[in-house]
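Reading through the structure tokens given below for one structure.
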4 protein chains.
Amino acid sequence: MSSSGSQAKAETHERILQAALACFKRKGYNHTTMDDIVAESGLSKGTLYWHFESKDDLLTAVFTSTFEAFGEDAISDIIYHETATEKLRAMAQGAADFSESLLGYFSLFIEFWISSERREETSHIWYDLLEQYQRVLAAIIEEGIQNGEFRPVDAESLAWAFLAAYDGLAAYAEFVPDIDLQRISQTFVDTILDGLQSDAGKTKP
Amino acid sequence: MSSSGSQAKAETHERILQAALACFKRKGYNHTTMDDIVAESGLSKGTLYWHFESKDDLLTAVFTSTFEAFGEDAISDIIYHETATEKLRAMAQGAADFSESLLGYFSLFIEFWISSERREETSHIWYDLLEQYQRVLAAIIEEGIQNGEFRPVDAESLAWAFLAAYDGLAAYAEFVPDIDLQRISQTFVDTILDGLQSDAGKTKP
Amino acid sequence: MSSSGSQAKAETHERILQAALACFKRKGYNHTTMDDIVAESGLSKGTLYWHFESKDDLLTAVFTSTFEAFGEDAISDIIYHETATEKLRAMAQGAADFSESLLGYFSLFIEFWISSERREETSHIWYDLLEQYQRVLAAIIEEGIQNGEFRPVDAESLAWAFLAAYDGLAAYAEFVPDIDLQRISQTFVDTILDGLQSDAGKTKP
Amino acid sequence: MSSSGSQAKAETHERILQAALACFKRKGYNHTTMDDIVAESGLSKGTLYWHFESKDDLLTAVFTSTFEAFGEDAISDIIYHETATEKLRAMAQGAADFSESLLGYFSLFIEFWISSERREETSHIWYDLLEQYQRVLAAIIEEGIQNGEFRPVDAESLAWAFLAAYDGLAAYAEFVPDIDLQRISQTFVDTILDGLQSDAGKTKP
DNA sequence: TATGAATGAGGTTTCATTCAT
DNA sequence: TATGAATGAAACCTCATTCAT
């Protein structure tokens, strides 16, 4: 007898999140007022505060739920590939897709980080996420080095740079018109792979 | 109230800018109040508004004056190098230094872009700046291809990815502890150059 | 949902009253929210409103039920005493005990009077109660004067002052640490009785 | 050049206090809103918060400034009297006048105590004030005992009861119509003095 | 130029009460 | 009877901006 009740609650919860996300995307976090979300959701202000403790809490929930929807199985496909080269390509494709899908959300995420009253905490969330990807990437490169696919490099460092490129591109997409992420990604990963596969260790000064 | 009036004015101006910068870096733009800046500067509220029209105006001024200090002759050194390889390395070094010096200012710049009531306008400033660098980079790569230093690649795309990596790293530096930008940059540019110099055109699928 | 429905109802009723009393004593009426009472009682908000019309109604009910428990037979013992002196002592003892038992409830009663939307009405309840005691006291003093135990005084006035002292002490008990009401009462009633029994009518200016 | 400015500030300060007091007396503390005080004072809400940190702070200031106006030289006159009897009479007169002048403020003071978020702190203010008076009273009685005016009693206890009577009467005055504080005080102090001066120590059981 | 008191629109949050289930 | 999600008026407070001195 309570199932329909708690389902209704979950629906309202979701409705608020979506209304908030819509407002945040439209006006940014700081310029969105609780009244905006009230108007967008068609609910009452009391209901917002029944479901979320504060505006900051709502922001965090929007961020978390939105972010969870992204890049969930970005990594999961990788296991299906055999060579490190193929795995790296798969990662690149995943990252490119991710960056592309981020369009419109990027500034929201940045603002989330900047505006949150728990900036440190938010930094941690991001760092944890980043580090996870960075470790997978570094492991792939390491694997390639081990099995002779790649020449020896500082896998850790290259992994950071690799990831950074995709996040940078996601940002650029917000204000560079007609940027072609897929093509850029293609060129980028080709060049990196060529570099890794070259037998020239003599490039360094 | 005497001879050096305009000099005193300039000093006050500067004092306000520095106080505002300190506050913005500490608390972000939105969380900084005019009273914070009053307290930080030791001046009065009226004086702030005598020198700057509004809080947004002050942000713009802080942004502009701070930004001017950055990356002034990042590009200028390049002409002293002869080969495209050396030029690319110089660009990488300049970008790494720039990203490193951005530490602490990065979120402010982002917030400037996000919070500004003239978001479109700001986007343009950034786009222009970015494009300028991107064109220089693409030209260098193009030059390398022309004179046989590099194998043929999509120079435009690679230039974007290259720049994006450094901006991404500048962001990471804000919340990844102990990240070594110089080392990462070194590994990155080495790998890219190896890739560009390799005679393998067979990597592409 | 069965036979003892009305008993269960009475139990819930009582449970709410006790939870409300606990909250009121802890935080005062105004600072107590219905949610506090919900938490304290372990019941639901709807149930509270099923049993009581409003927060004010609940306060009235708490006040009434609590007040009924106090000073029920404070006066009733008096008839067992023969002399006015003994009767006055008995009244003093009753008043002292009452004041002592009031500890912790005093501010609640005051707040009930102050916060009630029916302040006038509440004033009457209290006035009636007070006057009742005052009349009994005055009658005792009058009786003492009649039968020669006491010298002539303004019985009405003395009765007011006498009662006032005990109410004042009840208040003091709330914020004067280690006040000994019994001892104070003893000294007080002794002095008053000495004054009443003295044959000196020459003290007045 | 700043004297007129700071004088104007003090005037505004005072104006707010008086407006707040008027509102509090009319509606009680809890039912008074900042908007009420805005309307009553003719000032703006910002000005209220420029002068006082919070509603609670304003309440405290109103309380303090109002209380200071009361009973300032209630004690000071005492030194002009020679005998303990005369001093006690003077105290009684001062207390009666004080209680009388408290009419209309009493419930406000009580509400201040009850509603304050710093109830403990407020208790201290009152306790300190009370204890001060109690000590003076006890000293007078002690003095009377020493010089033979009074018979030996527990001066401490009697002082508490004496004070309590006047505070109780101040409360009664709020809801007992036509109570004659001066007359009651007269009868009360006469009886107490008679009791103190009587040579009968045999009253105790 | 400089000051700081004054302004008030607008923001977040609270909480007594209602009502569908 | 009981539940707890939903309501919304109303409260407190903030803060960019103005202006008399």
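In what follows, chains carry the letters A, B, and so on, assigned in the order in which the sequence lines appear, proteins first and then strands, with residues in each chain numbered from 1.
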Practice problem: For the side chain of C/Y49, starting at C-beta, report the closest nucleotide among E/dA16, F/dC13, E/dT12. | Solution: E/dA16
Quiz item: Between D/E14 (CD) and E/dA5 (P), how many Å, whole number?
Solution: 17 Å
Quiz item: With Watson-Crick and G-U wobble geometry limited to distances under 3.5 Å, how should the secondary structure of DNA chain E be encoded in dot-bracket form, using | for bases paired to another strand and [ ] for crossing pairs?
Solution: .||||||||||||||||||||
Quiz item: Hey, is the main chain of A/E111 close enough, under 3.5 Å, to the side chain of B/E111 for a donor-acceptor pair?
Solution: no
Self-check item: Nearest-nucleotide 5' precedence on DNA chain E, C/N30 against D/G42
Solution: D/G42
Quiz item: CG of D/D57 versus P of F/dC12: gap in Å, rounded?
Solution: 14 Å
Exercise. Quick one: label A/S41 by what it contacts on the DNA or RNA (base, sugar-phosphate, nothing), any heavy atom closer than 4.0 Å.
Key: nothing
Quiz item: Hey, are the side chains of D/I37 and D/M34 touching, using non-hydrogen atoms and a 4.5 Å cut-off?
Solution: yes
Quiz item: Rounded to whole angstroms, how far apart are NZ on A/K9 and C1' on E/dT21?
Solution: 15 Å
Quiz item: For B/E53 and D/E53, take the nucleotide of DNA chain F holding the closest heavy atom to each; which residue's nucleotide lies nearer the 5' end?
Solution: D/E53
Quiz prompt | Whichever of B/G46 and C/M34 has its nearest DNA chain E nucleotide further upstream toward 5' | solution = B/G46
Quiz item: Does A/S44 make a side-chain N or O approach to OP1 or OP2 of F/dT7 shorter than 4.0 Å?
Solution: yes
Exercise. Could you check how far CD1 of C/I37 sits from C1' of E/dT17, rounded to whole Å?
Key: 13 Å
Exercise. Establish, with yes or no, whether the OP1 or OP2 oxygen of F/dA5 is under 4.0 angstrom from a side-chain nitrogen or oxygen of A/W50.
Key: yes
Exercise. Can you figure out which of F/dT7, F/dT17, E/dA16 approaches the side chain of A/L43 most closely?
Key: F/dT7
Quiz item: Taking atom types as they are modelled, is there a donor-acceptor pair under 3.5 Å from the base of E/dT7 to the side chain of D/K45?
Solution: no
Quiz prompt | Atom of C/C23, atom of C/E40 and distance for their closest heavy-atom approach | solution = SG-CB, 3.7 Å
Quiz item: What's the NZ-P distance between C/K55 and E/dT14, to the nearest Å?
Solution: 15 Å
Quiz item: Would you say the side-chain atoms of D/T47 pair up with the backbone N or O of D/L43, donor to acceptor, closer than 3.5 Å?
Solution: no
Quiz item: Has the side chain of B/K55 got a donor or acceptor atom that lies under 3.5 Å from a matching backbone atom of B/T32?
Solution: yes
Exercise. Run the ring-centre check on C/F63 versus C/F109 and record whether the distance is less than 6.0 Å.
Key: yes
Quiz item: Side-chain contact, heavy-atom cut-off 4.5 Å: B/V38 with B/L48?
Solution: yes
Quiz prompt | Validation row, ring centre A/F175 to ring centre B/Y127 under 6.0 Å | solution = no
Practice problem: Quick one: label C/H13 by what it contacts on the DNA or RNA (base, sugar-phosphate, nothing), any heavy atom closer than 4.0 Å. | Solution: nothing
Quiz item: Rounded to the nearest Å, what distance is computed from the NE2 atom of residue A/H31 to the P atom of nucleotide E/dG10?
Solution: 14 Å
Quiz prompt | Nearest-Å distance for atom pair CG/C1', residues B/L58 and F/dC15 | solution = 15 Å
Quiz item: Is there a side-chain polar atom (N or O) of D/T12 under 4.0 Å from OP1 or OP2 of E/dA6?
Solution: yes
Quiz item: Is B/T33 touching bases, backbone alone, or none of the nucleic acid, heavy atoms closer than 4.0 Å?
Solution: sugar-phosphate
Quiz prompt | Nearest-Å distance for atom pair OH/P, residues D/Y29 and F/dC12 | solution = 8 Å
Self-check item: side-chain N/O B/H51 vs E/dA2 OP1/OP2, d < 4.0 Å
Solution: yes
